[in-house]
Novice: 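Please read through the structure below; I'll follow up with questions.
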Amino acid sequence: MHTRNVSIGEKRRRSGRRAAGLRNSSLLTVTVAALAASSHAVAASPAPRGPGMYGLRYAQGPTQPEQTGQTKTIEFNIPTQPLGTALTALANQSGLELVFTPDQVAGQPSDGLVGNYTPAAALRRVLAGSGLRYRFVDADTVALEWITTPITGEVTNLGPVVVSATRTETPVSELTRSVTVVTKKDINQQKRIDRNLGDILSKNVPGFSPSTQSLSNFGQTLRGRDFLTLIDGIPQSTPLRGGDRSLNSIDADAIERVEVVRGGSAIYGFGASGGLVNIITRRPEDGAFNGHSEAGLKFSTTHPDDSLEWHTNQRVSGRVDQVDYLASGTFVQRNGFFDADSDRIPADPVGGQGGLADTNEYNVLGKLGYEFDANRQRIELAVNHFSILQDSNWAGLGFGDPSTGEKTPAVRGNINAKNPGTKNTTVNLEYRNKDLLGSDLKTQVYYGDLEARFPKFPGFVQSKIESEKYGARLTVDTPIQAGPVPFTATWGMDYLHDETTQSGLDGPTTTPEMRQNAIAGFLQLEVPVGNWGLVRGGVRHESIWVDVDDVLNRRGVFVDGGTLDFNKTLFNLSGTAFLTDNVELFGGFSQGFSLADIGRAIRDTTATEATDLKSQVQTVDNYELGLRGHYARWDGSITGFFSTSNNGTTFDQDLFITKQPERIYGVEFAGNVQPIDPVRLGGTVTWLAGRVDLNDNGNYNEDLPSTRVPPVKVTAYTEYTPWHWWSMRLQALYSGNRNPDSTQLGGTKVDNYTIFDFYSNFDILGSSKLQIGVGNLFNKDYFPMINQATALPYAFSKGPGRTVSFTYSLNW
């Protein structure tokens, strides 16, 4: 698994020992001494260094030792350029001697660096994403080395990766939280098995519940709690009226990577009480013009008829001088889904949430960027539109019997007044200035329009949720030198306007229209503790106003509208201790805040005033403690976590919302090992438990249901690369048993199951690929976790049987 578990750090403790044999015939040494005020540079040709050895030295005036200290901040001005050139500039400006091989930097780009940083911080940022790490062999000499051993000529990078879910580009080695990055390569592999992002994350991210295998992510939680989903920083979740469509609001072809922050986050706020799923859209490739075309098909081996799915993606991108661009379009057409017994799965497998069978999907992404002022400043416009609509002749209502194990059958017909599905449009304008009075400034203004249309259920109104948002973010990184200790202050403000309503399509509207205005300010400090630690802490204050219209709700109660106002101050404190060069201890505390589906609370209330529900909001306190390690051929992390909330949200057996105090705790493990060059193994383990206080008396007397707290989950994979042009991957997901003591929806006993998948890639003539994906390799007959947990007779559906996909792609 090439997923970067960013609980893995690089070497941080500085060794005073000079590595023996550091300079050999394959090394390139860049040595730059700082210019003395009155000196002039003298050009020098490469000096002979023995057979096959060469170096580059700038013969200049005497060095200034105070400028080469590891804790002294220096003003860097390194533009976007090839990595080798950027490292030369870094050496020139810092006075360091850098030792690396030409192969390590060949073909690698660098985003450059502008601002005041310590030499160590500058190295981390310039090397981020390169697959290289640095090691101080003495105060002024730095050796660069691969993070992992190259495999058949290619490098498997586990980091350092730049993570933006912290609001500022942060190398993974500097993170003090549990974060997992699902890379472009991971997504490219997993979408050959299932394009559903919920499925991709469940197989790659510890703490993520198993996929619902439907249009909805209802019942799919992160560490047992709801999460905030962002696309390029634009909120996709609808906390005013939860629609649970955020993981199915963009196609996998439009995604560059996904960053998952596990545990509540106040950095972005506005609903990130249980965690953050930060989706980064595709970025332009280097070169003036790059074309990509692909086409693929997928079908069920148990029922090839009526199961064909096909897709196509066309993409062009490039960079010309200071301008970069990208245009990408994807179309997917799906037919029926079939289980291991070759029986058709209902079009709405989870019941009232929407399915993926018999859908047409398209996604269009466009980007245009411009860099100026010697690459110090950048402006970018991005537009993405996604649509998936279901038009099925099998959208009738069938009933199974969970007590006897009888599955829900697919029934001919279509009871929907309008076709269910999701439409989502995002527009994003970003501006960055890497050096504004010594600070790095990032601003963003955005617009989002999400429509989630639900299936019809007899006796109830078919409805849709519409959420129209616009907002802005300001983030400023300011390096500060306080005596001998340099630290960084990250500060800024957020604004969000959200208009949300759930309207009836064939009947009355029972949820009020809501208009939210929210503003927040935050300050985050990052302080190094000598060479052995790093501490981060901060505060965020949110002010939220929600205007609620009058409504006659589902219970027949007329609820007077009004304005609900909230003011909440959130804190976080976390740190990392570098126990050895390869082992780190990390942990901390963070808070999250959410309105927690206040629209549904009004729809189901017996109160006559909307303002009576002001207390229904939720604050979550999160704690975690972990240990991580990284060596040449293996890495791993283990993390324990605990969270509490005053108004946790679940549903009773009549599907009415309930809000009660909760506690959730658990353990996560992730690891990878490369025993020999062509083989890589790894996986994750997640175990968690949760209790609820039904009577609000301090006695947590009942288990949380499996729709909130899933059974133990284990993922594993084996990758084999016999040649550079051929690779294979076998992976498995195990969902365990759970029999919670619960009276809530989702409290039914859940039995275990194991699903195997297979993926293989063949490079053809260097510019094209043939990829094969096999889902449910051994045709396992099973009920997904969510269907077992809810045990609803109209939604007791089985999971898909074996599927096979073939995709051919060409770069031109």
Novice: According to the salt bridge (charged side-chain N to carboxylate O under 4.0 Å, His left out) rule, which pairs have a member within residues 798-812, sequence neighbours left out?
Specialist: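 Sorted pair list: Asp341-Lys798, Asp781-Lys798.
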Novice: Can you say whether the rings of Trp723 and Trp725 are parallel (under 30°), tilted (30 to 60°) or perpendicular (over 60°)?
Specialist: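 Geometry flag for Trp725 against Trp723: parallel rings.
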Novice: If you look only at pairs with a residue in residues 241-251, which of them pass as a salt bridge (charged side-chain N to carboxylate O under 4.0 Å, His left out), with sequence neighbours excluded?
Specialist: Arg195-Asp251, Arg241-Asp597
Novice: With a 4.5 Å limit on heavy-atom distance, are the side chains of Lys464 and Leu505 in contact?
Specialist: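 When only atoms from C-beta onward are counted, Leu505 and Lys464 do touch, with a gap below 4.5 Å.
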Novice: Can you confirm whether Phe227 sits close enough to Leu247 that some side-chain heavy atom of one is under 4.5 Å from a side-chain heavy atom of the other?
Specialist: yes
Novice: Restricting to pairs with a member in residues 338-362, which pass ring-ring contact (aromatic ring centres under 6.0 Å, His included), not counting sequence neighbours?
Specialist: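 The answer is His303-Phe338, Tyr362-His385.
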Novice: Can you spot which of Val260, Ile231, Asn384 makes a side-chain contact (heavy atoms from CB on, under 4.5 Å) with Ile279?
Specialist: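 The side-chain contact (heavy atoms from CB on, under 4.5 Å) with Ile279 is passed solely by Ile231 among Val260, Ile231, Asn384.
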Novice: Among Leu222, Thr180, Ile200, which one satisfies side-chain contact (heavy atoms from CB on, under 4.5 Å) with Phe208?
Specialist: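 Single side-chain contact (heavy atoms from CB on, under 4.5 Å) partner of Phe208 among Leu222, Thr180, Ile200: Leu222.
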Novice: Do Asn313 side-chain atoms and Gly329 backbone N/O form a donor-acceptor pair below 3.5 Å?
Specialist: yes
Novice: Thinking salt bridges, do Lys423 and Glu451 make one under a 4.0 Å N-O criterion?
Specialist: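 No.
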Novice: Under 30°, 30 to 60°, or over 60°: which ring-plane class applies to Phe331 and Trp310, parallel, tilted or perpendicular?
Specialist: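 Geometry flag for Trp310 against Phe331: tilted rings.
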Novice: Between Glu668 and Arg223 (salt bridge meaning N to carboxylate O under 4.0 Å), is one present in this structure?
Specialist: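 Yes, this pair counts.
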